[in-house]
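Taking it in order: structure first as structure tokens, then the write-up.
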Amino acid sequence: MGSGGLDGVRVLFVEDESLLAMLGEDVLSEAGCEVTVAMRLSEALRALAEIEFDVAILDVNLGNETSYPVAEQLTRREIPFIFATGYAAAGLSGSYAAHRCVQKPYDPDQLLMAAQAALGH
């Protein structure tokens, strides 16, 4: 499987389930991405403040929080992102309902294709 142009891409991966976080990180790292994993909203916002990301993958529900504050910052900074949800697009609220979305649990190929699509590859 070719990396499809993800070499050196800096990915913010927000996922609160450690098993899925590890799985996603492995898949993205193997494709050549530099992955920063955040398991809580506060971690994700701190990472955003410190690192210039190329793309982000956001689990919508983080325990009793959501990743929408991260999405707002990404939108402001024009960084492309994808939502990840167990409920498909039906789980997205309001203005994000039409946003690109990947289904959990992650299919490795889908995850990489979604990242490439968000980057416009």
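All of these numbers come straight from a predicted model, not from anything done at the bench. Note: hydrogens, waters and symmetry copies are ignored here, and every other heavy atom, side chains too, is used.
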Would you say the side-chain atoms of [X] pair up with the backbone N or O of [Y], donor to acceptor, closer than 3.5 Å?
X      : Y     : value
Arg100 : Phe83 : no
Thr66  : Val60 : no
Tyr68  : Ser93 : yes
His99  : Phe81 : yes

| task | For Ala115 and Val55, work out which heavy atoms get closest and say how close. | result |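 In terms of heavy atoms, the two residues are closest at O-CG2, 4.4 Å.
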| field | Minimum heavy-atom distance Ala118-Pro80, with the two atoms named | value |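 Shortest heavy-atom contact: O-CB, 3.2 Å.
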Side chains of [X] and [Y]: closer than 4.5 Å at any heavy-atom pair?
X     : Y      : answer
Val37 : Met39  : yes
Ile51 : Thr36  : yes
Val11 : Asp54  : no
Leu6  : Gln116 : yes

Find the distance between [atom1] ([X]) and [atom2] ([Y]) and round it off to the nearest 0.5 Å.
X      : Y     : atom1 : atom2 : answer
Ile79  : Glu52 : CD1   : CD    : 5.0 Å
Leu112 : Glu30 : CG    : CD    : 9.0 Å
Arg40  : Leu45 : CZ    : CG    : 11.5 Å

| query | For Ser67 and Asp59, what are the C-alpha separation, side-chain angles and deciding distance, and is it a side-chain contact (heavy atoms from CB on, under 4.5 Å)? | reply | CA-CA 7 Å; Ser67 62; Asp59 181 11; 5.8 Å; no
| task | Go through the steps for Val102 and Met113 under the test side-chain contact (heavy atoms from CB on, under 4.5 Å), then give the verdict. | result | CA-CA 10 Å; Val102 63; Met113 285 191 312; over 6 Å; no
Which atom pairs, donor and acceptor, lie under 3.5 Å between side-chain atoms of residues 13-29 and protein residues at least two apart or in another chain?
residue	atom	partner	partner atom	Å
Glu15	OE1	Lys104	NZ	3.3
Glu15	OE1	Tyr106	OH	2.7
Glu15	OE2	Glu17	N	2.9
Asp16	OD2	Gly63	N	2.8
Glu17	OE2	Lys104	NZ	3.3
Ser29	OG	Glu25	O	2.8

| What do the steps show when you test Leu12 against Ile57 for side-chain contact (heavy atoms from CB on, under 4.5 Å), and what is the final call? | CA-CA 6 Å; Leu12 173 60; Ile57 298 164; over 6 Å; no
